[in-house]
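Residue numbers run from 1 in the order of the sequence given.
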Amino acid sequence: QVQLVESGGGLVQPGGSLRLSCAASGSTLDYYVIGWFRQAPGKEREGVSSIRGRDGTTYYADSVKGRFTISRDNAKNTVYLQMNSLKPEDTAVYYCATRRRVLLYNGNYLLPHLYDSWGQGTQVTVSS
């Protein structure tokens with residue numbers, strides 16, 4: 001099972017930006033789809049964004065559309081989540097996750113149960 005490592009979290013003021021990174025530790029980042037999820041205290045884990053490996057199709061939760069951008073750098077074996085115009089309600093632990101098996105699916109791949117490898121998470125706090 002691939003070891004995923006997230007980085008880039010931190011404390012930022014409302015309206016600020018952060019870029020999260022997700023890399024595979026000691027191996028190639030191999031996936032059919034990779035997603036970013038977040039979990040705030042007392043809340044369920046929710047999908048934020050995903051990108052399908054074969055064609056680069058991206059998906060976003062309505063709450064982050066227009067503010068967050070998922071991208072990948074195959075040369076660096078890394079997937080990013082650029083987060084702009086951050087709001088206090090974006091505060092959460094952010095996780096990246098991968099699914100290696102093919103899934104022909106009409107949804108947005110933002111359901112946690114579709115994924116089989118998870119990172120440890122990185123804390124994002126939006127506060128003044």
Side-chain angles (χ1 to χ4, degrees):
Q1 200 171 23
V2 65
Q3 297 280 344
L4 300 173
V5 180
E6 303 96 337
S7 60
L11 172 65
V12 64
Q13 291 187 343
S17 298
L18 284 174
R19 187 177 77 161
L20 305 183
S21 301
C22 176
S25 175
S27 65
T28 301
L29 193 59
D30 181 24
Y31 57 91
Y32 177 76
V33 60
I34 188 167
W36 282 99
F37 296 80
R38 66 186 181 187
Q39 189 165 18
K43 295 188 176 181
E44 292 188 355
R45 190 167 297 188
E46 64 171 348
V48 174
S49 182
S50 60
I51 185 167
R52 194 166 57 191
R54 64 182 174 92
D55 58 8
T57 301
T58 58
Y59 306 87
Y60 296 93
D62 288 343
S63 59
V64 306
K65 278 181 183 175
R67 300 189 298 123
F68 291 11
T69 303
I70 190 170
S71 64
R72 58 184 178 177
D73 186 331
N74 292 333
K76 294 185 177 180
N77 207 29
T78 302
V79 172
Y80 302 99
L81 184 68
Q82 177 67 43
M83 305 187 296
N84 298 329
S85 302
L86 282 162
K87 304 175 181 180
E89 51 263 44
D90 294 318
T91 295
V93 177
Y94 284 70
Y95 302 87
C96 68
T98 60
R99 177 187 173 93
R100 294 188 65 185
R101 294 166 293 149
V102 172
L103 176 64
L104 300 179
Y105 178 63
N106 290 326
N108 56 17
Y109 297 98
L110 293 181
L111 299 175
H113 74 268
L114 298 178
Y115 293 79
D116 38 52
S117 295
W118 291 83
Q120 294 298 308
T122 185
Q123 176 70 46
V124 171
T125 302
V126 185
S127 175
S128 55

J.: Within a strict 4.5 Å, meaning less than it, do heavy atoms of the Leu29 and Leu4 side chains meet?
T.: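 In short, these two side chains touch, coming nearer than 4.5 Å.
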J.: Can you give me the closest heavy-atom contact between Tyr94 and Val48, atom names plus distance?
T.: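 In terms of heavy atoms, the two residues are closest at CE2-CG2, 4.3 Å.
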J.: For the pair Arg67 and Met83, evaluate side-chain contact (heavy atoms from CB on, under 4.5 Å) and give the outcome as yes or no after the intermediate values.
T.: CA-CA 6 Å; Arg67 300 189 298 123; Met83 305 187 296; over 6 Å; no
J.: Minimum heavy-atom separation for Gln39 and Tyr95, please, with both atom names.
T.: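 Scanning both residues, the minimum pair turns out to be CB-CE1, 4.2 Å.
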J.: State whether Asp90 and Lys87 are salt-bridged, where the test is any N-O pair (Lys NZ or Arg NE/NH1/NH2 against Asp/Glu carboxylate O) under 4.0 Å.
T.: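 No, this pair does not count.
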J.: Counting distance only, does the side-chain N/O of Ser50 pair as donor-acceptor with the main-chain N or O of Asn108 below 3.5 Å?
T.: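 The answer is yes, because a donor-acceptor pair under 3.5 Å joins these two groups.
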J.: Please step through side chain to side chain donor-acceptor pair (under 3.5 Å) for the pair Arg99 and Tyr115, ending with a clear verdict.
T.: CA-CA 5 Å; Arg99 177 187 173 93; Tyr115 293 79; over 6 Å; no
J.: Closest heavy-atom contact between Thr91 and Ala40?
T.: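 In terms of heavy atoms, the two residues are closest at O-CB, 3.7 Å.
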J.: Before we go on, tell me: are the rings of Phe37 and Trp118 under 6.0 Å apart, centre to centre?
T.: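 Between Trp118 and Phe37, which both carry aromatic rings, the centre distance is below 6.0 Å.
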J.: In the single-linkage hydrophobic clustering (I, L, V, M, F, W, Y; side-chain heavy atoms under 4.5 Å), do Val124 and Val5 co-cluster?
T.: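 Unlinked, Val124 and Val5 end up in two clusters.
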J.: For a quick test of reading the model, state the closest non-hydrogen atom pair linking Ser17 to Ser85 and the distance between them.
T.: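 Minimum heavy-atom separation between Ser17 and Ser85: OG-N, 4.3 Å.
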J.: For Asp30 and Thr28, which I'm curious about, is there any donor-acceptor pair between the side chains at under 3.5 Å?
T.: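 The criterion, which ignores hydrogens and geometry beyond distance, is not satisfied for Thr28 and Asp30.
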J.: Taking side chain as C-beta onward, heavy atoms only, is Leu111 less than 4.5 Å from Tyr105?
T.: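 When only atoms from C-beta onward are counted, Tyr105 and Leu111 do touch, with a gap below 4.5 Å.
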